[in-house]
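Proteins come first, then strands; the chains are lettered A, B, ... in the order of their sequence lines, and each starts at number 1. Reckoned from all heavy atoms, side chains included, excluding hydrogens, waters and symmetry mates.
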Amino acid sequence: MIRRLDHIGIVVTDMAAALAFYRDTLGFALVEYRHQPERHQDVAILRAGAVDLEVIHPFNDQSAAGRYLAKSGPGLYHLGMETDDVDAELGRLEGAGVRLIDTTPRPGTHARFGFVHPKPTHGVLIELSTPYGEAGGGAPGLP
Amino acid sequence: MLTKLDHIGIAVRTLEEALPFYTETLGLKCIDVRDVPQQGVKVAFIPIGDTELELLEPLGPDTPVGKFIANQGPGLHHICYDTPDVAGELTRMKECGMRMLDEVPKEGAVGMIGFMHPKSAFGVLTEFSTRFPGIPPSGQR
């Protein structure tokens with residue numbers, strides 16, 4: 001079951017300028033900054049009520065977000081929805097014939113997550129995740 | 001001051017074709033569908049946690065959402081932030097040098113609204129909204 005919208009992904013070409021806008025002009029709190037060279041990106045998390053803005057600055061086109069940025073330019077990238085059990089949810093969708101990017105979850109910073117293909121969602125890249133420590137969330141480092 | 005993410009607008013070709021994915025497949029609930037002729041859209045409201053998805057079906061090809069879909073296909077269209085004072089927020093943004101599509105609020109589906117040009121927000125069409133009295137915050141209706 002999907003219980004909430006966790007975050008919105010936004011791809012940018014200039015992180016300093018994006019932070020000046022989202023933090024300083026719009027006034028949202030910067031709660032986390034991740035330098036992720038292994039994923040070819042920096043990520044800033046800003047809190048907009050109960051939903052986070054995940055501002056992603058890809059360094060190159062080695063990642064899906066980087067390829068999206070190269071093709072479509074900066075802007076809205078994906079919706080991150082939180083579910084009780086990401087394995088079960090991906091399995092349920094696959095069983096319903098929904099095209100997935102990940103049929104099994106990948107380990108993330110705070111949660112295990114998997115992407116649904118934008119075709120069946122009518123153009124929206126949707127990420128499903130379950131935080132570590134919950135029944136369907138596993139633990140960091142575990143496959 | 002911006003209080004929260006009010007909603008996310010998703011451009012779809014038709015609600016008839018897109019809504020079943022969000023309701024039947026994802027299991028979310030649609031609480032209202034209505035025409036908003038002043039914005040050229042038919043809107044389906046779908047609460048998700050503390051916010052809402054708004055699926056936007058264009059009422060014609062010459063509407064803003066109709067042109068968006070013709071240009072780049074269906075998908076994420078805009079994000080909207082809630083504020084207690086949309087008029088003040090639009091003025092403040094303009095004074096910050098932002099390019100505004102609306103310098104004064106106009107009437108939306110559930111509140112007074114105004115848009116900022118995506119050029120000033122890193123490619124994101126950004127809306128500000130103050131809900132009408134009696135309309136609960138997003139995610140609470």
Side-chain angles (χ1 to χ4, degrees), chain A residues 1-15 17-22 24-28 46-53 55-57 68-69 71-83 89 92-93 95-98 116 118-126 128, chain B residues 1-15 17-22 24-29 46-53 55 69 72-83 89 92-93 95-98 116 118-126 128 137-139:
Chain A
M1 194 190 79
I2 291 167
R3 56 189 180 195
R4 57 185 285 268
L5 186 74
D6 182 71
H7 63 271
I8 300 173
I10 299 168
V11 289
V12 302
T13 53
D14 181 341
M15 182 61 97
L19 282 181
F21 175 69
Y22 284 104
D24 305 333
T25 306
L26 293 189
F28 295 122
L46 298 109
R47 194 137 289 168
V51 181
D52 287 341
L53 305 180
V55 178
I56 304 164
H57 173 216
Y68 178 88
L69 178 65
K71 180 167 171 269
S72 306
L76 295 170
Y77 175 59
H78 78 287
L79 298 184
M81 300 180 183
E82 191 178 286
T83 163
E89 200 66 32
R92 189 181 68 77
L93 292 174
V98 173
V116 181
K119 196 82 187 171
T121 68
H122 301 268
V124 180
L125 180 62
I126 293 178
L128 299 172
Chain B
M1 189 191 72
L2 305 179
T3 51
K4 62 180 280 191
L5 184 80
D6 187 83
H7 67 265
I8 296 146
I10 298 173
V12 301
R13 289 199 170 87
T14 67
L15 290 178
E17 108 186 331
L19 193 52
F21 176 80
Y22 289 89
E24 292 162 30
T25 308
L26 286 186
L28 302 170
K29 191 174 160 196
I46 305 172
I48 176 167
D50 186 50
T51 189
E52 285 174 8
L53 306 181
L55 299 192
I69 291 174
Q72 56 194 89
L76 294 170
H77 179 259
H78 72 270
I79 56 180
C80 176
Y81 303 107
D82 177 71
T83 168
E89 205 61 41
R92 189 175 75 81
M93 290 300 149
E95 287 169 358
C96 285
M98 301 295 154
M116 183 159 70
K119 275 263 190 303
S120 284
F122 303 89
V124 178
L125 177 61
T126 302
F128 303 98
S138 60

**Student:** Checking heavy atoms, do the side chain of B:Leu53, its backbone, both or neither come under 4.5 Å from chain A?
**Tutor:**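 Answer is side chain: those atoms of B:Leu53 sit under 4.5 Å from chain A.
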
**Student:** Name the region of A:Tyr77, side chain, backbone, both or neither, that has any atom closer than 4.5 Å to a heavy atom of chain B.
**Tutor:** backbone

**Student:** Name the region of A:Leu128, side chain, backbone, both or neither, that has any atom closer than 4.5 Å to a heavy atom of chain B.
**Tutor:**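 Neither part, no heavy atoms under 4.5 Å.
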
**Student:** Would you mind checking which part of B:Phe122 comes under 4.5 Å of any heavy atom in chain A, side chain (CB onward), backbone (N, CA, C, O), both or neither?
**Tutor:**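 When you check distances to chain A, atoms from both the backbone and side chain of B:Phe122 fall under 4.5 Å.
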
**Student:** With a 4.5 angstrom heavy-atom cut-off, is it the side chain or the backbone of B:Ile10 that approaches chain A, or both, or neither?
**Tutor:**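 Contact with chain A is through the side chain of B:Ile10 alone.
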
**Student:** So for B:Leu125, is it side chain, backbone, both, or neither that comes closer than 4.5 Å to the heavy atoms of chain A?
**Tutor:**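 Contact with chain A is absent: no heavy atom of B:Leu125 under 4.5 Å.
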
**Student:** Considering only heavy atoms and a distance below 4.5 Å, find which of A:Gly27, A:Gly49, A:Pro74 pairs most often with chain B.
**Tutor:**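 Between A:Gly27, A:Gly49, A:Pro74, the count favours A:Pro74.
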
**Student:** Side chain, backbone, both or neither: which part of B:Ile48 has a non-hydrogen atom closer than 4.5 Å to chain A?
**Tutor:** both

**Student:** Could you work out, with side chain to side chain donor-acceptor pair (under 3.5 Å) as the rule, every residue matching B:Ser138, not counting sequence neighbours?
**Tutor:** B:Lys4

**Student:** Just so I understand: if I count every heavy-atom pair under 4.5 Å between each of A:Asp14, A:Leu79, A:Thr13, A:Val11 and chain B, which residue has the most?
**Tutor:**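 Answer, by heavy-atom pair count under 4.5 Å with chain B: A:Leu79.
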
**Student:** Under 4.5 Å, counting heavy-atom pairs only, tell me which of B:Asp50, B:Thr25, B:Leu26 racks up the most with chain A.
**Tutor:** B:Leu26

**Student:** Please classify the contact between A:Arg92 and chain B as side chain, backbone, both or neither, with a heavy-atom cut-off of under 4.5 Å.
**Tutor:**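 The answer is the side chain of A:Arg92.
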
**Student:** Identify, with sequence neighbours excluded, every residue that meets salt bridge (Lys or Arg N to Asp or Glu O under 4.0 Å) alongside B:Asp82.
**Tutor:** none

**Student:** What's the spacing between A:Ile126 CD1 and B:Tyr22 OH if we round to 0.5 Å?
**Tutor:** 4.5 Å

**Student:** Quick one: closest heavy-atom pair of A:Phe21 and B:Ser120, and the distance?
**Tutor:**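 Closest heavy-atom pair between A:Phe21 and B:Ser120: CE1-O, 3.7 Å.
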
**Student:** How many angstroms lie between CG in B:Leu28 and CD1 in A:Ile2, if you round to the nearest 0.5 Å?
**Tutor:** 5.0 Å

**Student:** Checking B:Met1 against chain A: side chain, backbone, both or neither under 4.5 Å from a heavy atom?
**Tutor:**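 Answer is neither: B:Met1 stays 4.5 Å or more from chain A.
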
**Student:** Considering only heavy atoms, which portion of B:Glu17 lies under 4.5 Å from any heavy atom of chain A: side chain, backbone, both, or neither?
**Tutor:** both

**Student:** Say whether, by atom type as modelled, one donor and one acceptor occur between the side chain of B:Tyr81 and the main chain of A:Leu26 under 3.5 angstrom.
**Tutor:** no

**Student:** Give the member of A:Pro120, A:Ser72, A:Ala96 that has the highest number of heavy-atom pairs under 4.5 Å with chain B.
**Tutor:** A:Pro120

**Student:** So which part of A:Ile10 gets closer than 4.5 Å to some heavy atom of chain B, the side chain, the backbone, both or neither?
**Tutor:** side chain

**Student:** Supply the atom-to-atom distance A:Thr25 OG1 to B:Met98 CE, rounded to the nearest 0.5 angstrom.
**Tutor:** 4.0 Å

**Student:** With only heavy atoms counted, which part of B:Thr83 is less than 4.5 Å from chain A, the side chain, the backbone, both or neither?
**Tutor:** neither

**Student:** Using non-hydrogen atoms and a 4.5 Å limit, figure out which bit of B:Arg92 sits close to chain A: side chain, backbone, both or neither.
**Tutor:** side chain

**Student:** Locate the shortest heavy-atom distance separating B:Pro74 from A:His122; write the atom from each residue and the value.
**Tutor:**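 Heavy atoms of B:Pro74 and A:His122 come nearest at CB-O, 3.6 Å.
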
**Student:** In terms of heavy-atom pairs under 4.5 Å with chain B, which of A:Thr121, A:Leu93, A:Thr83 leads?
**Tutor:**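 Option with the greatest count: A:Thr121.
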
**Student:** If you measure from CD1 on B:Ile79 to CG on A:Leu53, what distance do you get to the nearest 0.5 Å?
**Tutor:**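 Between B:Ile79 CD1 and A:Leu53 CG, I get 5.5 Å after rounding to 0.5 Å.
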
**Student:** Which one of B:Thr126, B:Thr3, B:Ile8 has the most heavy-atom pairs closer than 4.5 Å to chain A?
**Tutor:**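 Ranked by contacts with chain A, first place is B:Ile8.
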
**Student:** What part of A:Leu125 gets closer than 4.5 Å to chain B, counting heavy atoms only: side chain, backbone, both or neither?
**Tutor:** neither

